[in-house]
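A short write-up of the structure that comes next.
Values below: every heavy atom of this structure, side chains too, minus hydrogens, waters and symmetry copies. The first residue in the sequence is number 1, and the count goes up from there.
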Amino acid sequence: ASHSAAPLPNVQLTPSFRKQCPVSRVPAFVDQDLVLTQGASILRHLASAATHVPSHWYPEKNARRRVAIDDRLDWAIGVLAPAISSLVRSASLTGKDEQASDALSSFLRCLEKLDRILSTAQFYLAGAEVTIADALVACYVDQGLGAVASVDLRRYRNVVEWRQRVKAKIETPVVGVPGQ
């Protein structure tokens, strides 16, 4: 089956979307009777179910490597995503300088941790090849960087280099998009 993805403004508010996905959340992915509403679950499913996706994204036959990928995904979901959520929320608050400062500090601690992880990794978060963990974490980091006016990324050299490598891999088509 072919899959395509295109962002639709406020699609989660439409009755047809709510019928397929009662939780009314994006991202959402529907594959017959399977409804997924978490980015990591969607990536795991696509990497596992699509036969033409290279196995390095989420290797089916290498449990040890999958656990390493899942560990990075869990960190992203449990630590990085909440820090970014606080950062995005605080960016919209006026007169809440202390809350904004705490949110920024939390995000910068995540960047420091990510930089340390990458200093001992072999190029990517879970080894020598790009994985779904790299894709998800790179999106989260970009979202966080977009929420703040300025972060001196020179302090996070490993993050900068890793983001360049990940973006190069993601910009290369992995899955055929219908009509292209």
Side-chain angles (χ1 to χ4, degrees), residues 1-9 11-12 14 16-17 19-85 110-111 113-115 117-146 156 158-180:
S2 293
H3 297 97
S4 64
L8 302 172
V11 70
Q12 75 276 16
T14 64
S16 62
F17 185 88
K19 184 176 180 184
Q20 279 193 302
C21 185
V23 295
S24 299
R25 287 189 54 149
V26 289
F29 182 84
V30 179
D31 187 359
Q32 297 174 8
D33 63 341
L34 177 65
V35 177
L36 301 173
T37 59
Q38 299 298 314
S41 296
I42 293 166
L43 289 172
R44 284 183 186 108
H45 174 70
L46 289 172
S48 298
T51 57
H52 53 286
V53 174
S55 65
H56 63 81
W57 287 96
Y58 197 60
E60 183 179 329
K61 296 184 186 334
N62 187 335
R64 192 170 176 80
R65 188 131 151 72
R66 279 175 84 111
V67 167
I69 294 167
D70 289 339
D71 182 65
R72 300 305 186 211
L73 288 170
D74 292 343
W75 174 78
I77 295 162
V79 178
L80 181 59
I84 291 167
S85 180
C110 288
L111 285 180
K113 165 99 176 175
L114 183 57
D115 202 67
I117 289 169
L118 292 165
S119 73
T120 61
Q122 300 176 347
F123 292 115
Y124 297 101
L125 289 174
E129 294 181 288
V130 68
T131 70
I132 61 173
D134 295 290
L136 187 68
V137 172
C139 289
Y140 282 162
V141 168
D142 285 353
Q143 183 182 12
L145 292 172
Y156 312 103
N158 297 314
V159 173
V160 170
E161 293 171 1
W162 163 81
R163 281 178 69 227
Q164 291 169 345
R165 287 190 299 271
V166 172
K167 285 179 185 241
K169 293 289 185 177
I170 290 175
E171 289 174 2
T172 303
V174 175
V175 215
V177 177
Q180 288 188 343

task = May I ask you to test the Leu80-Val137 pair for a side-chain heavy-atom distance under 4.5 Å?
result = yes
Nearest heavy atoms of Leu118 and Tyr124, plus distance in Å = CD2-C, 4.2 Å
message = Between Asp31 (side chain only) and Leu34 (backbone N and O only), is there a donor and an acceptor less than 3.5 Å apart?
response = no
request  = Kindly compute the distance separating NZ (Lys113) from CD1 (Ile117), expressed to the nearest 0.5 Å.
outcome  = 5.0 Å
inquiry  = Restricting to non-hydrogen atoms, name the atom on Ile77 and the atom on Pro82 that form the minimum distance, rounded to 0.1 Å.
reply    = O-CD, 3.2 Å
note = Heavy-atom nearest pair, Trp57 first then Ala135, reads CZ3-CB, 4.3 Å
query = Could you give all pairs that pass the salt bridge (Lys or Arg N to Asp or Glu O under 4.0 Å) test and reach residues 39-51, with sequence neighbours left out?
reply = Arg44-Asp70
query = Does the Arg72 side chain pair with the main chain of Leu125, one donor and one acceptor, at a distance under 3.5 Å?
reply = yes
ask   = Any idea which heavy atoms bring Val130 and His56 closest together, and the distance?
value = O-ND1, 2.8 Å
task = Return the minimal non-hydrogen interatomic distance between Asn158 and Ser119, and the atom names on each side.
result = ND2-CB, 3.4 Å
key: Which residues share a side-chain hydrogen bond (donor to acceptor under 3.5 Å, both in side chains) with Asp71, sequence neighbours left out   = none
message = Please determine whether side chain to side chain contact (heavy atoms under 4.5 Å, CB included) holds for the pair Ile69 and Ile132, giving the CA-CA distance in whole Å, both sets of side-chain angles, and the decisive distance to 0.1 Å.
response = CA-CA 7 Å; Ile69 294 167; Ile132 61 173; 3.9 Å; yes
inquiry  = I need the Ile170 CD1 to Arg163 CZ distance, nearest 0.5 Å.
reply    = 11.0 Å
ask   = Can you name the residues that form a side chain to side chain contact (heavy atoms under 4.5 Å, CB included) with Ser48, not counting sequence neighbours?
value = Tyr58, Arg66
query = Looking only at atom types and distance, does a side-chain atom of Gln122 sit under 3.5 Å from a main-chain N or O of Gly127, one as donor and one as acceptor?
reply = no
message = Please find the pair of heavy atoms, one from Ala40 and one from Leu136, that lie closest to each other, and give the distance.
response = CB-CD2, 4.0 Å
task = Starting at OH of Tyr140, measure out to CG of Leu114 and round the result to the nearest 0.5 Å.
result = 13.5 Å
task = Would you please say whether a donor-acceptor pair under 3.5 Å links the side chains of Trp162 and Asp134?
result = yes
